[in-house]
Amino acid sequence: MMRKKRRSSVNKASESVIPPETSKSKKSRSDGRNAKPTWQDNAADGVFAQLLRDAGVVLRGGNTPNEINVDQVVFQRRLQQHLRKNPRYPNIIQEFVTGLESHIEDHLNLKNCLLPCVRPLLDEESSSTGSYQESLIRHLLGIEMLQPSVINTLFEKLPEFMFDGIGEDGLNVPRMIMSQLKWLDIVKDSKDLASKLMQLVSVAPVEIQRDVITSLPEILEDSQHHDIAKELHSLLQQNTQLTVPILDTLSTLNLSSALLAEVRGAIMVTLSAVQLEDLPVVVKFILHSVSASDTNEVVSDLRKKLELELCVLPPVLQASQNRLKNKGVTCSSSVPAATDSQDCVGLVLDAIRSAVRFQKVILEAWLKAIESVDEAENHKVIDLLVLFILHSINANNSRQSAEKVLRLKVRGGQIREALLEKTFRGHAQVMRGYFPSILALAETLLHSSDPCVVPFGGHMYKQAFAAFDPYCQQEVVGSLVTHVCSGVSGEVDVALELLCDLVTQRPAEMAVYAVFLKRILDFMENMTPQHVRRLFYLLSSLAFSQDQRSSHIQDDMHIVIRKQLCSTAFKYKCFGIIGAVMVVGSMGSCRSKSEANGKSQGSSLPKEMYRQVTSLLELVRSCSEATPEAAALYYDELANLLQTCRLDPQVQEWIGKSVLEDFQEDFVVDLGPEIQGSLPFPAAVMYNLDEEESQGGIAVNLLPLLAEDFHHKGDLRGLLIEKEKKRVSPLCLASFFRLLRLCEEKQHQGDLEEIDALLGCPLVLTDLDVVEKAESLSRPEREFLCSLLFYTINWFREVVNAFCRQQDPEMKMKVVTRLQNITYLQTVLERCLTATPGFVPPLANFDCESGGGMGPPLGTAPPKKSKKESAGRKRKAPATKNSSGDDSQLEEGAEAEETQQIPTPQDLTEKEKDKEKEKEESKAGVSLASYRPFFRELDLEVLNVLQCGLLSRSLLDTELHSRLREEVQLGPAELVFLLEDMWRKLEFRLAAAKKAPFLKGRSDRNVGFSHLQQKSPRDIATCCIQLLPTLCTHLENCHNQFQALLSENQGVVDATGVDLKEQQLMSSAYQLLLQVLHSCFSWAGFSQHEHRDLLKNALGVLAGRLKEGEADLTLDQLTGHGFEYLLNIRSTLPSLGTALCLTQLLMTVAERGAANRMAYREKIASLSRQFLCQEWVMPGGERERGSKHNDTLQTLLSIYLDHTDDILKAIEEIAGEGFPELMNAPKNGWSTRFPTLTRQTFLVFYRGIMAKLEKSVKRIPPARQSDSTEVQSEKLMTWNLAVRDFHILVNMVKVFDTRPVLSVCLKYGRLFLEAFLKLAMPLLDFSFKKHKEDVQSMLKTFQLSTRQLHHMCGHSKIRQDTGLTNHVPVLKKSLEQFVYRAKAMLARNHCQEAFWLGNLKNRDLKGEEILSQRSHLSDEEEEGEEEASQLPQEQSEDEEQRSGSEMRNGRDEEEEISEDSD
């Protein structure tokens, strides 16, 4: 009889199936044992041990692993057989499990059972077959009859070790127990196992919970995934500490899309509260669990809730951590390290990168989410980072897509430099990994031909240089040098500006890369003088810096400069002059601390450095004095240096030492009884403002100098002989005076008392009455006279530049008088230029790109060889507009008025007026606008003259009593002159960058603005805002004057007795004032937060003119008050151009406010309609006309249609009421409803309305079958109105059948037809059954229009006009598509029997058959559909194809369009 043996509790060991490395080490350690314990036989006393021994496993105790003598499969089969064959089966199973429980009571035995078994050392055969064996528990779990009991035993044992953690031997028992349950071949009761696991999770510590949850996918069967996921979902909402393991587990479970969406939605709700270290896992789960249908919504929501800006430490903590890091101190654990947060952000970006790399739908969803952001405030750091990611992976064309989106966002102003700066500042460590993409994007943007995106690319370069390591800095500098050497003007501009900024802001870091910058000296061939100036500035700043880190490039610079100065080519001589002056600025700059404090205590410049500076200046002077152009450039460059650089006092003294003496010697003479010399015209002293000081006075010796200069140019031999001698040329007059003035300002702190005589001193000229008989003069004499006038005007412009800052009333009065002189002389110059076609003026700006001179002004006469080397081709200048002005002397002012514009005396009859007009038109004048590059630039400070009111001076007698009071004020001509200059300056510096025209460089645009370019846009905007009260005062004066004019003449602007010239000037001033305000408020910088204070100040000025005394108004309130202030002047606008300027200004002001957008739109629409319904008459009494008027009218019409509430009703009003009024009107007739609509402007209205109609129908929402009946009815009504408008417009061609009208109708008719096919036909498909009558009516109306289009095609072929026939093929194709699309619509609604196709005859616009094509009737097919007739003979008479929606209602056929046309 078998006796039950006592269970032994000696051998208990278990450990999990640990990682392979641990298992192998344990195995190798156990394999190395040479002896077996002698007590092993005592452990086999129980049933448990005996059965195991019989099956092939020997239990060991202590630290000795259990041994297995057979294969795992053999062991499991033997044990299962022994259990089944045992007489006590199935009770023997419980005894076996009880023995197991007793055995593992000992912790060592438990670990042994959980650790892998080993083969006996003597069993060489088995060891050769496989070295690794599973643990004993793992073997037992593989036996189905034992599995439930063993699992229960393990779960009962696990709580004993729940809080122990990792033991001294490095083993974690709970983790080992869980590992035994992974990857079982069979799980008998998976549901029970899942229940036990979740029960364990509910009571276990967090560490055990994480282990259990992460093990679930490897333990449970797929059938349990859904249930366990629900429990994990509820657990996720209860315990956020388990977020990471739960999401890891859910991402590997096989779940339904609905459950995933539910879990994902719950996570998205709490995403903002997720711990930073958990964020990467959360983002990864969201992106990897999203379905294709939900991708866009999920990614958009994820983008909104990812606040990476909050992952950045405050600047104070960052600075403290940097200090601790520099000192080698470890940061406190209580303060999160910046690197930890950046690591988490990096992991988040890696999760996004992985998702977009392998899932195209997610990539497209990110792009769409970024594109959908409309406002700059809504863009976030994550947007830029994602674009960098997409550019770096280059999967599914993501690189091109990222570039496109970034370019569009930058151009639209949604992604700005502030966001880029925030991204670099907070996430530089993360962005370092995307540096190649950042560099490539910056290079692409800088290469772009769109100037709106180029500055953003430059900002990327600057931020990358500041944020990254030296390797990246070197790459940035190398890339910028490549841009500079590319020869592309735009790239060179931006790249040099960036390098200059980097040298200024980070000189120590840039000094390392001076050798890279030096290479640019080899690529100066294609550079402009402006480029050369910047290049030498940055090189000299590095070479002559105080730290001397880049002094090794000094010799190279000196060599290049000396070679260029000695060159015979004027271009390279200019480069040498510019470079030398820049080097002087760096070498001779003030360096001492006392100078920095404003206390001069002798020169701080070393003697050797001072010697080098003076010798270099002497060299430049000697190399340039023989060439007037080079000398003038030297004076200008030296003057700019004095203005922008703070030179050492000793250098300043050396420069100014001889300037005054040389100027007096070269250009100034004492007033004497007569002027000697051979002169082409009799000399006369003119424009003396100091008549009381005429005795012993001085004068500018202009006429004799110019005569001598012309003599030198004519005598080539004398010119060659005296080439090396100094030449005194009037070309240098303005430049030399500017240098003199700046020297005086620097030496006397802005006081010009030493040279104030030059403000009022006269000039030696000739009597300007000779201009009246200019046509009788010889060609050289006329050119001499033109040159004399140019030099005189430029002298006065430079004088105004010099003395406009003086506060003395006497000087202010003289400055205004000089402005009067300029405006008068410009009128004289216009007449002289008209008589001298092809004349090329003398240079005034010497840093132009062409070096030796500029080309002729645009619109000059045909080519003619000039005596100067600098002369280019000359062409006759067309007449556009003429500037005008008054002389300071009343008599000359009267003469100027008599010679201005077209004289219209009051006593002239209508016939005499016409003759006078024809006579004046025969004398084609010129426009000085094309000659602006030949005038000296006015400084920005000159605009302060606008603030001058009524100034006066006293003429004193010998007893110092005032005997006469003469008043001088800023007249209309001077106001127009200053406003024109101000508007050009604002357009150049504040207006949005525009693409340069094809084959036209940007250098032409920059000529005449070199001083302005030295000021930042903010400085210019600030100056403009300071002048706003003055501008508003002038605007109100213009408004009051025209209001008084209208009230005096009962609203008639062309009444008799009105000074037409003054009215024209005031009208120009009115328009210029509005243009200046528009340019100011249009500045894109107002959208930036740092410039918001300027915007509030500007709007506050406008609001203050309307409501004084109100303070602390919001931006929206200021916008509203400013809008109302400007709206108040709408009743006195003198011209349509002024009306357009006001409308555009109001639109710009309205954009600055975020509230009341709809109210602004309504007011702008009402105002523009009012202007269209107003009759605009010129001062002469004629209606406005011409191409400029047409362009203005088209823009105003476009604004009206864009802002009106219902564009289709507005189009119907104009086309249905305005156009018919013109049908029977005379040639000069107009519409009474819209007086701007005349027969001359019909094409403007027709083109504008057709274009807006086509765009408006494209904005109608596409039809969907799911739309409600009300929505379908509304869309159908909209399309009905659009088709009716289109029908009216097409029928207008019968009356207005000119070629331009036909071309517009063919072009936009095709576009409208294509939109109808794409958007309206699907709507008819869905609406046909419910709205049969409306659909039928629409198709009938539309068929009439398409039939007329077909007639127009036939007319175009008969006329054989290629401009018209080019539209015919594509239009014919669309007409044919319409036929078959209508058939498909009827078939869809089971009415296909109502459609048939007939032959179409070719007809002309009058509906008459084209006889020459009778034999080709079958070649053409008519389009359209309408209700078909029951009678076939009516069909044959109609000769049209009838694709009708025949409803079998027996109604008569509709009347033919050809009959209507008759």
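No hydrogens, no waters, no symmetry mates; every other heavy atom, side chains included, goes into these values. Since we're looking at a predicted model, the values are computed, not measured.
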Q: Taking all heavy atoms of V620 and all of A580, pick out the closest pair and write down the distance.
A: CG2-CB, 3.4 Å
Q) Closest approach of E754 and E744, non-hydrogen atoms and distance? A) CB-OE1, 3.3 Å
Q) Counting N and O atoms only, with roles assigned by atom type, does the side chain of E637 sit under 3.5 Å from a partner on the main chain of V581, one being a donor and the other an acceptor? A) no
**Q.** Beyond-backbone contact of L502 with L480, side-chain heavy atoms, under 4.5 angstrom
**A.** yes
Q: Just say parallel, tilted or perpendicular for the rings of Y513 and F516, cut-offs at 30° and 60°.
A: tilted
Q.
Given 3.5 Å as the limit, does a donor-acceptor pair link the side chain of T627 with the main chain of E629, or not?
A. no
Q: Tell me whether the centres of the aromatic rings in F935 and F790 are closer together than 6.0 Å.
A: yes
Q: Enter the distance from F663:CZ to F736:CZ here, rounded to the nearest 0.5 Å.
A: 7.5 Å
Q | Verdict with supporting geometry, D756 and D808, side chain to side chain contact (heavy atoms under 4.5 Å, CB included) | A | CA-CA 11 Å; D756 60 355; D808 180 56; over 6 Å; no
**Q.** L542 side, atom CG; K518 side, atom NZ - distance, nearest 0.5 Å
**A.** 12.5 Å
Name the atoms and distances for all side-chain donor-acceptor pairs under 3.5 Å in residues 796-803, with sequence neighbours left out.
unit_1, atom_1, unit_2, atom_2, d
R797, NE, R936, O, 2.7
R797, NH2, R936, O, 3.0
E798, OE1, R936, NE, 2.9
E798, OE1, R936, NH2, 3.2
E798, OE2, R738, NH1, 3.2
E798, OE2, N801, ND2, 3.3
N801, OD1, D939, N, 2.8
N801, ND2, E937, O, 2.8

Q | pair Q505-F465: side-chain heavy atoms closer than 4.5 Å | A | no
Q. Looking at CG of L1031 and CG of L946, how far apart are the two atoms once the value is rounded to the nearest 0.5 Å?
A. 6.5 Å
Q. Is a donor on one side and an acceptor on the other found under 3.5 Å between the side chain of N845 and the backbone of P933?
A. yes
Q) How close do V476 and A464 get, heavy atom to heavy atom, and via which atoms? A) CG2-CB, 4.1 Å
Q: Give the C-alpha distance, both sets of side-chain angles, the deciding distance and a yes or no for side chain to side chain contact (heavy atoms under 4.5 Å, CB included) between L705 and D666.
A: CA-CA 9 Å; L705 286 177; D666 294 342; over 6 Å; no
Q: Taking the six-membered ring for Trp and the single ring otherwise, decide whether the centroids of H483 and Y461 are under 6.0 Å apart.
A: yes
Q: Grab the two heavy atoms, one from V659 and one from C743, that are nearest each other, plus how far apart they are.
A: CG2-SG, 4.4 Å
Q. Any side-chain heavy atom of M582 within less than 4.5 Å of one from L539?
A. no
(Q) Do L521 and L535 have side chains that approach each other closer than 4.5 Å (heavy atoms only, starting at C-beta)? (A) yes
Q: May I ask you to decide if the ring planes of F934 and Y931 are parallel, tilted or perpendicular, using 30° and 60° as cut-offs?
A: tilted
Q. Is any NZ, NE, NH1 or NH2 atom of the basic residue among R1018 and D1093 found under 4.0 Å from an Asp or Glu carboxylate oxygen of the other?
A. yes
Q) Are any side-chain N or O atoms of N944 and backbone N or O atoms of E941, one a donor and one an acceptor, separated by less than 3.5 Å? A) yes
(Q) Can you classify the ring geometry of W795 versus F737 as parallel (below 30°), tilted (30 to 60°) or perpendicular (above 60°)? (A) tilted
Q.
Do Y572 and M524 make a side-chain contact, defined as non-hydrogen atoms from C-beta onward lying under 4.5 Å apart?
A. no
Q: Compare all side-chain heavy atoms of L986 with those of I1020 and state whether any distance is below 4.5 angstrom.
A: yes
Q: List the steps, then state whether side chain to side chain contact (heavy atoms under 4.5 Å, CB included) holds for F536 with I561.
A: CA-CA 10 Å; F536 277 105; I561 289 172; 3.7 Å; yes
(Q) If you compare all heavy atoms of C500 against all heavy atoms of Y537, which two are closest, and at what distance to 0.1 Å? (A) SG-CD2, 3.7 Å
Q: Could you tell me whether R741 and E745 have a side-chain N and a carboxylate O separated by less than 4.0 Å?
A: yes
Q: Before giving the answer on side chain to side chain contact (heavy atoms under 4.5 Å, CB included), spell out for R533 and F575 the whole-Å C-alpha distance, their side-chain angles and the decisive distance to 0.1 Å.
A: CA-CA 8 Å; R533 185 181 296 113; F575 289 175; over 6 Å; no
Q | N/O donor-acceptor pair under 3.5 Å between R989 side chain and K1015 backbone | A | yes
**Q.** Ionic contact status for R932 with D981, cut-off 4.0 Å
**A.** no
Q. Between K814 and G760, is there a donor-acceptor pair closer than 3.5 Å when you use the side chain of the first and the backbone of the second?
A. no
Q.
Looking at E753, I'd like to know if its CD atom is crowded, meaning that more than 12 non-hydrogen atoms belonging to other residues, nucleotides or ligands lie closer than 6.0 Å.
A. no
Q. Salt bridge or not for R984 and E987, using N-O below 4.0 Å?
A. no
Q) If we ignore angles and hydrogens, is there a donor and acceptor under 3.5 Å between the side chains of D1019 and S1016? A) yes
Q: Could you pull out all residues at least two apart from R506 that satisfy side-chain hydrogen bond (donor to acceptor under 3.5 Å, both in side chains)?
A: E509
Q) Does the side chain of K571 reach to within under 4.5 Å of the side chain of E525, using non-hydrogen atoms? A) yes
Q) Is S735 reaching over with its side chain to a backbone N or O of C732, donor-acceptor style, under 3.5 angstrom? A) no
Q.
Strictly distance-based, threshold 3.5 Å: is any side-chain N or O of Q554 a donor or acceptor partner for the main-chain N or O of A543?
A. yes
Q | N/O donor-acceptor pair under 3.5 Å between K746 side chain and L642 backbone | A | yes
Q. Taking the side chain as C-beta and beyond, is there a heavy-atom pair between L517 and M510 under 4.5 Å?
A. yes
Q: May I ask you to decide if L619's main-chain N or O and S622's side chain share a donor-acceptor pair within less than 3.5 Å?
A: yes
Q: Mind listing the closest non-hydrogen atom pair of L819 and L978 along with its distance?
A: CD1-CD1, 4.0 Å
Q: For the pair D662 and R621, evaluate salt bridge (charged side-chain N to carboxylate O under 4.0 Å, His left out) and give the outcome as yes or no after the intermediate values.
A: CA-CA 13 Å; D662 290 346; R621 182 175 181 178; 2.7 Å; yes
Q: State whether the number of non-hydrogen atoms from other residues, nucleotides or ligands found under 6.0 Å of Q1014 atom CD is greater than 12.
A: yes
